[in-house]
Amino acid sequence: MLERSHLAENAINCLHDEQYDLPFNLQNLNHRNMLFIGGRQRESLNGDWNFAVDLLDTGLRQRWYQMQPTPAEQRTEPWDYDPYVGETIPVPSCWQMQKKEWYFFEGSAWYTRAWEYQPNSADERVFLRIGAAQYDCKVFINGEFIGNHYGGSTPLFAEFTGKLRIGRNWIMCCVNNSRTLDRVPMRNTDWFNYGGIYRDIEIVRTPGALIRDLHLYLVPNRQYNQIHIDVETEGEVDSDHPQVVVSIAELNLRCTIMLTAGKGSIEINAEPELWSPERPKLYTVVAEFAQDRVTDRVGFRQIEVNGTEILLNGTSIFLRGISVHEDDVALGKVVTMDDLKRRFHHAKQLNCNYLRFAHYTHHEWATQLADELGLLIWAEIPVYWAIDFQNPATYRDAENQLIEMIKRDRNRASVIIWSVGNENADTDARLGFMAELVNTARRYDPCRLVSAACLVNHAQNRIEDRLAEHLDLIGINEYYGWYEENFDDLLALGENSNPSKPVVISETGADGFIGEGAPTSGLFSESYMSEVYRKQIDYLAKMDYIKGISPWILYEFRVERRQNVFQRGWNRKGLIANDKVTKKQAFHLLAEFYAKLKSRSSYHE
Ligand code: GCB
């Protein structure tokens with residue numbers, strides 16, 4: 001007889017257990033254990049990971065994560081998968097893009113790899129960071145469950161301190177991209193449900209006493225001469241007066257922040273050159289706490305609204321934007337630096353000063369690059385269409401995604417708007433849920449605008465959404481000429497609405513298919529799409545409270561729910577086809593319109 005382990009008994013019992021997943025749904029990897037990573041040394045774990053899709057969650061039921069890395073021929077139990085040998089997948093990637101059998105796979109998938117550990121110091125702390133994994137990611141180290149993270153586009157941190165062996169360790173992640181009723185987004189979206197670890201995965205080590213968080217901003221009081229700094233630390237230091245020293249050499253600034261219970265704040269006088277699209281000035285900031293040191297590149301600017309105006313550093317601006325998804329024919333949701341540079345290059349060719357990052361948190365490189373290139377950003381969480389607004393667990397998930405996005409990017413000058421949602425029905429439950437998200441955004445960040453893509457009453461042709469009164473500026477998606485037939489209704493909308501705040505058109509557009517078999521006229525033709533743009537431009541120019549537009553969308557993107565003969569799994573509203581090269585006529589119309597606005601702009605760029 002083979003020698004069986006305690007797992008064998010469980011292998012039978014688990015067949016009848018439908019609560020098998022409860023212990024793994026702690027959502028304890030959340031905004032509370034985020035770690036500030038700017039300037040830290042990171043060890044990449046990108047590369048090939050052992051991989052298996054697991055439709056029935058057999059891995060959680062049978063506890064695959066407890067298996068020892070024994071050679072296959074020495075196994076004593078008939079396990080249904082061996083996490084240590086077999087097929088591999090590159091990380092980062094989306095599994096849909098790796099094998100055609102996995103294209104529509106929705107469920108759990110297991111990632112395993114070895115990692116060799118040698119401590120650098122006795123008190124060091126060790127963290128695993130994953131830039132993003134879609135949607136639920138459970139992390140295990142040497143057979144032990146560390147925790148799970150909800151939310152497909154924000155980073156997660158799992159701490160391994162005290163759980164590592166010197167030498168070989170086994171890291172496992174179980175990533176699940178199921179669409180369920182309680183998630184954010186819920187089940188129905190107009191973008192593809194990719195799965196997997198699709199951003200960088202890495203190890204970050206810190207000294208025992210560490211800087212958890214560093215947040216800086218120009219005090220939004222129209223004086224432009226004070227910088228506010230908040231720090232958070234952890235761990236004991238040999239001093240009765242623990243302190244963090246923050247310096248910005250270029251401003252000759254060096255200040256000491258005294259800590260109470262690991263937290264400290266300061267407001268200091270400084271007159272930084274202000275960040276703007278025209279001159280995206282960034283300063284190197286260094287923060288030191290005992291042996292720990294972090295850095296960041298930070299721009300200082302003030303964004304505010306005044307009546308129906310949006311003011312950047314006191315001057316009114318018009319947001320000449322374009323919406324964009326993270327998507328790629330070959331890579332799915334994986335973003336490369338080249339892809340990002342091309343995206344911003346195309347935005348600049350359009351004469352944009354602004355991008356809407358729809359409908360979830362984009363890669364951190366995107367906001368970093370926007371800081372450097374001088375583009376303004378609308379950043380968003382996927383509170384999209386139907387959401388279970390009554391469910392407190394859903395709220396916790398949405399709020400956590402919002403806080404993670406804010407904590408990751410609140411030092412980015414380019415980000416001027418946090419959006420808390422898109423086109424959600426105006427119910428009491430939704431109003432309570434989203435108004436609370438607005439409050440949370442303001443609590444975590446006092447120097448950005450909060451918005452959402454709100455609703456239009458199409459029967460009355462006016463902006464009508466109770467959420468609007470909670471926002472700093474109102475986003476509306478309108479598709480006159482596409483979903484709404486009558487263009488004159490757009491003019492009526494303009495006349496019937498009398499907002500006391502700035503409005504941005506967060507979406508407008510039309511599908512235009514230019515591939516083989518493309519129609520030459522009518523819906524889905526390139527010429528019809530151009531006509532929609534022509535009229536939109538003409539009408540919007542007459543609505544003076546509109547302070548920005550971000551038409552839908554820069555590139556065509558993949559989506560399951562669009563399957564007509566011109567779509568075939570793609571949303572064709574891109575101004576550029578899915579090859580990310582071929583421009584449609586509407587691209588040039590918008591570029592021309594923006595060029596005119598730019599030359600008239602009161603904000604010099
Ligand atoms: C919308 C949605 C967006 C869709 C777009 C469309 O209103 O916000 O996610 O992709 O319309 O193409 O229908």
Side-chain angles (χ1 to χ4, degrees), residues 152-153 179 183-194 321-328 332-333 355-362 378-387 398 417 419-426 430 434 451-458 463-465 467 471 474-485 489-490 493 503-514 523-526 528-530 532-533 536 540 548-564 566-578 584 586-587 590:
S153 312
R179 293 166 299 109
R183 290 188 179 180
V184 182
M186 207 196 225
R187 291 190 296 198
N188 190 20
T189 59
D190 197 43
W191 70 90
F192 198 88
N193 183 30
Y194 289 109
I322 189 69
S323 299
V324 62
H325 261 300
E326 283 183 330
D327 200 11
D328 189 81
K333 237 174 113 52
L355 283 100
R356 176 185 183 194
F357 286 172
H359 282 297
Y360 38 74
T361 306
H362 284 212
W378 158 306
E380 164 170 354
I381 52 166
V383 174
Y384 181 90
W385 292 350
I387 291 284
I417 299 165
S419 169
V420 295
N422 184 82
E423 295 178 352
N424 318 98
D426 190 0
R430 174 267 197 166
M434 290 182 68
S451 191
C454 296
L455 300 173
V456 169
N457 178 334
H458 287 295
I463 302 170
E464 199 175 280
D465 190 325
L467 181 64
L471 305 172
I474 304 167
I476 55 166
N477 299 347
E478 55 85 0
Y479 282 92
Y480 293 96
W482 189 252
Y483 298 121
E484 300 301 322
E485 193 184 343
D489 287 350
L490 176 56
L493 174 98
V503 174
V504 296
I505 304 294
S506 32
E507 287 177 34
T508 182
D511 284 62
F513 178 55
I514 56 171
L523 293 178
F524 291 98
S525 68
E526 190 181 5
Y528 186 85
M529 179 187 186
S530 300
V532 169
Y533 269 80
Q536 284 282 347
L540 290 176
I549 62 173
S550 49
W552 197 249
I553 186 168
L554 187 56
Y555 305 114
E556 296 177 349
F557 59 95
R558 199 178 258 120
V559 58
E560 300 89 331
R561 62 189 280 279
R562 305 211 180 249
Q563 294 296 342
N564 83 23
F566 305 125
Q567 298 166 320
R568 298 188 192 278
W570 290 82
N571 185 312
R572 302 289 186 191
K573 295 190 185 67
L575 292 172
I576 301 179
N578 60 10
K584 304 178 192 172
F587 181 98
L590 190 66

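Both ligands and their constituent atoms are indexed starting at 1 by order of listing. Just so you know, these numbers use all the heavy atoms, side chains as well, and skip hydrogens, waters and symmetry mates.
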Ala452 to Met434 - nearest heavy-atom pair and separation: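 Scanning both residues completely, I find the closest heavy atoms to be CB-CE, 4.3 Å.
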Ile387 to Pro382 - nearest heavy-atom pair and separation: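 Scanning both residues, the minimum pair turns out to be CD1-O, 4.0 Å.
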Mutual orientation of the aromatic rings belonging to His325 and Phe557 [parallel < 30°, tilted 30-60°, perpendicular > 60°]: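 Plane angle between 30° and 60°, so tilted.
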Tyr384 and Trp191 aromatic ring geometry - parallel, tilted or perpendicular at 30°/60° bounds: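 The arrangement is perpendicular - the two ring planes meet at more than 60°.
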Minimum-distance protein heavy atom relative to [atom]:
atom                    : result
atom 10 (O) of ligand 1 : Asp190 OD2, 2.4 Å
atom 2 (C) of ligand 1  : Glu507 OE1, 3.2 Å
atom 7 (O) of ligand 1  : Glu423 OE2, 2.4 Å
atom 12 (O) of ligand 1 : Lys573 NZ, 2.6 Å
atom 13 (O) of ligand 1 : Tyr483 OH, 2.4 Å

Which ligand 1 atoms, with their elements, are less than 4.0 angstrom from a heavy-atom of [X]?
X      : result
Phe557 : 10 (O)
Asn477 : 7 (O), 8 (O)
His359 : 3 (C), 8 (O), 9 (O)

Within-shell test, Tyr479 vs ligand 1, heavy atom, strictly < 4.0 Å: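 In this structure, Tyr479 qualifies as a contact of ligand 1 - some heavy atom is under 4.0 Å.
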contact_flag Trp191 ligand 1 heavy-atom lt 4.0 Å: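 No; Trp191 lies far enough from ligand 1 that no heavy-atom distance drops under 4.0 Å.
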Candidate pair Tyr483 and His458, rule side-chain contact (heavy atoms from CB on, under 4.5 Å), full reasoning: CA-CA 11 Å; Tyr483 298 121; His458 287 295; over 6 Å; no
Any donor-acceptor N/O pair, Arg572 side chain to Gln567 backbone, under 3.5 Å: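 Such a contact is found between Arg572 side chain and Gln567 backbone.
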Donor-acceptor under 3.5 Å (Asn571 side chain, Arg562 main chain):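 Such a contact is absent between Asn571 side chain and Arg562 backbone.
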For ligand 1, note which part of [X] has a heavy atom under 4.0 Å away: side chain, backbone, both or neither.
X      : answer
Trp482 : neither
Arg562 : side chain
Thr189 : neither
Asn422 : side chain

Over-ring placement of Lys333 relative to Tyr360, 6.0 Å and 45° cut-offs: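 Flagged: Lys333 positioned over aromatic ring of Tyr360.
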Distance flag, aromatic centroids of Phe524 and Trp482, threshold under 6.0 Å: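 Yes.
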CD-NE2 distance between Glu507 and His359, expressed to the nearest 0.5 angstrom: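 So the gap between those two atoms works out to 5.0 Å.
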Close N or O approach (Trp385, ligand 1; < 3.5 Å):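 No, no N or O pair falls under 3.5 Å.
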